[in-house]
There are 2 protein chains.
Amino acid sequence: MAKRSHAHPQTQASSPSESKHDILRSAQRVLAILELIARTPGGLTVRAVSKLLQLNISTCYHSLNTLLTAGYVERLPSGHYVLGPQIPYLNDAYLRTLTHDWPATDPQESWRAVARASAHQPSLSQRLRPILHSLSERSQEPAYLAGWRYGEVELQAIVEPAHAERIPGIYIGYRGHAHAHALGKVLLAYSSPAFVEDYLARHTLIRLTQQTIVERTLLCEELHTIAHQGYSIDREELHADTACLAAPVRDAQGRVMAAIAISFRSDLLSRRGEWLTAQVLRAARQASAELRLSRHASDASRHPERWGGPVS
Amino acid sequence: MAKRSHAHPQTQASSPSESKHDILRSAQRVLAILELIARTPGGLTVRAVSKLLQLNISTCYHSLNTLLTAGYVERLPSGHYVLGPQIPYLNDAYLRTLTHDWPATDPQESWRAVARASAHQPSLSQRLRPILHSLSERSQEPAYLAGWRYGEVELQAIVEPAHAERIPGIYIGYRGHAHAHALGKVLLAYSSPAFVEDYLARHTLIRLTQQTIVERTLLCEELHTIAHQGYSIDREELHADTACLAAPVRDAQGRVMAAIAISFRSDLLSRRGEWLTAQVLRAARQASAELRLSRHASDASRHPERWGGPVS
DNA sequence: ATCGCGATTTCATTATTTGAAATGCTGCCT
DNA sequence: AGGCAGCATTTCAAATAATGAAATCGCGAT
């Protein structure tokens, strides 16, 4: 039995971080493979996966088979594996949860507590789509809607015009880098200081382009400016060559619940900036008006603290 | 493949049905949980999952933790698990593979052989989006583009107008039930008899509504009619109350590579049917012309070993 | 026809997962 | 107020199920 020459106390130590004993390793590995495949445009062969992830080829083989039978990947005749039809299927389900969405207010309390009491509304993105549509139509640029979800800014709708495309790497469900785009900044600008505090504690201000604001102080100043002027500008902070304009959308109670934006080639900013800003502000006002309209009989207005506070 | 299942001194209930020993069970279980959660609008608690899937609660707990840390699910404050942000992330990657798409011709040979030699084109859906857009604009109905992928009809683009929504349950990446919708029927109609043969052998003609064509003979007749008249109609065959019209798109060589369609409330068929048909045919002709034009000098031969992507 | 690379399979070892049950929490009912 | 019920979380030893080295198979190139 000259098999295992090296008796490693620990596993092959492929992962630097300590292995949680709360996690199913083979399942985790399968998910990692899925991600790897997602990152690789042309797909990967069994062997390629095994090399890139430093896994035994047999393991990869079994893992890929598992993903294959479940429809998460597909096998090209060449032996390359690519993402399979189960992915858009799941995404459709995910989008439906957006549709079901909730108040999406900002501060901690809300997303810590709201939970499921939320659901069952006509959905922001549904209701505001016509507005996004006409914004995109008028400006001939892609229009976006974002709201809060679990304390993160989430992109919830995109409407593209005939001839312009959305920012690459941005998609419905995209969260993160709120400090680097107009939607995120405007939503943060209208959040409570405590929440901004919390947000900053939870995130690093990653630099994405030369222009990205990575200084906490600078960002706070920016947020003040934005709150003051009523809209935000992203000047190539998220993506080089691209600028965005965003404005807040308020619910019936006047709270900022979402934001509407457009993106465009940044050189348009000087020429058409003012006009575009006016369009975005107009769309945001329309959206707020729309939300003011239908008082969706939310039973949420029941008396909260009727019977005593926390039991402790 | 799996074949051996013999008298083994294996322990008790080893085969509920037939356990492939090609598959990682805990990974498979995790994927099954993911699907279950996707199917459940409000999310599920640990216990609910364990009951529905007849799994030990401890297993579910670990599985959900695995999914949670990887971002495939999220845990609501109420303890309900819902799909997480990794899903739209993967979907974006999936869509990018569509963008990269291939000839997408129909017959076996093609999808059995084409493989990766395919990729690296400016993408059908990209190029035809303006056409879909104006079709949708004119008709004020959602417009669709579908093509072949691995021998299946796949929906590859949707353009929705301001005030009408696409058919529920239909999404980009949706495959299947080609016999029950206009896009599928028109694509089949222009496929080689051998391929239709093959397709029918691989699929059951599932009944989706009262109107669905489930008779093989009837379907073949229908395909003939379609090939003859140059477009197809779905009269509530996929979804009650909804009708579709589809027409073929041809490449420079005259082969049918894709199809363009619109959907609308079926009662419009009698009143506006002819006009709508004309619009769809026009869009399809425009699309064919577009494909005839640019002999896309496909550049961009990316190497699979390179990874990029904003979110990670 | 032979070579070589990669996919597929085998099989014994053992790390990993499992499941029953204990624990601890929260909210509800009496 | 107290006790009960339901649920999430944790524990731990048993044993199943995953792993990895190496053999085999297949295909395309030389």
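We name chains A, B, ... by the order of the sequence lines, and we start the count at 1 in each one.
In this structure, A:R39 is not positioned above the aromatic face of B:Y94 in the sense of NZ or CZ being under 6.0 Å from the six-membered ring centre and within 45° of the axis. Figure legend: B:R47 and B:Y61 shown without cation-pi pairing, the cationic atom not lying both under 6.0 angstrom from the six-membered ring centre and within 45 degrees of its axis.
Distances shorter than 4.0 Å separate none of the side-chain N or O atoms of B:R25 from OP1 or OP2 on D:dT19. Remark: A:R47 is not in phosphate contact with C:dC5, judged by side-chain N or O atoms under 4.0 Å from OP1 or OP2. Between D:dA17 and B:S26, no contact under 4.0 Å exists linking OP1 or OP2 to a side-chain N or O. Phosphate proximity of D:dT19 to A:R29: present, with a side-chain N or O under 4.0 Å from OP1 or OP2.
For the contact set between residues 52-65 of chain B and DNA chain D, defined by any heavy atom under 4.0 Å, the members are B:I57, B:S58, B:Y61.
Here D:dA17 presents its P atom at 15 Å from CG of B:D22, a figure rounded to the nearest Å. If you take NZ of B:K51 and C1' of D:dA8, they are 13 Å apart, rounded to a whole angstrom.
The aromatic rings of A:H203 and A:Y199 sit parallel to each other, their planes meeting at less than 30°, with 60° as the upper class boundary. Between B:Y174 and B:Y171, the ring planes lie perpendicular to each other; the angle is over 60°, past the 30° to 60° tilted range.
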For this session: Apply salt bridge (Lys or Arg N to Asp or Glu O under 4.0 Å) to the pair A:E74 and B:R175, showing each step before the final yes or no.
Result: CA-CA 13 Å; A:E74 262 171 337; B:R175 310 181 188 180; 2.3 Å; yes
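Between A:V73 and A:I87 the shortest side-chain heavy-atom distance does not fall below 4.5 Å.
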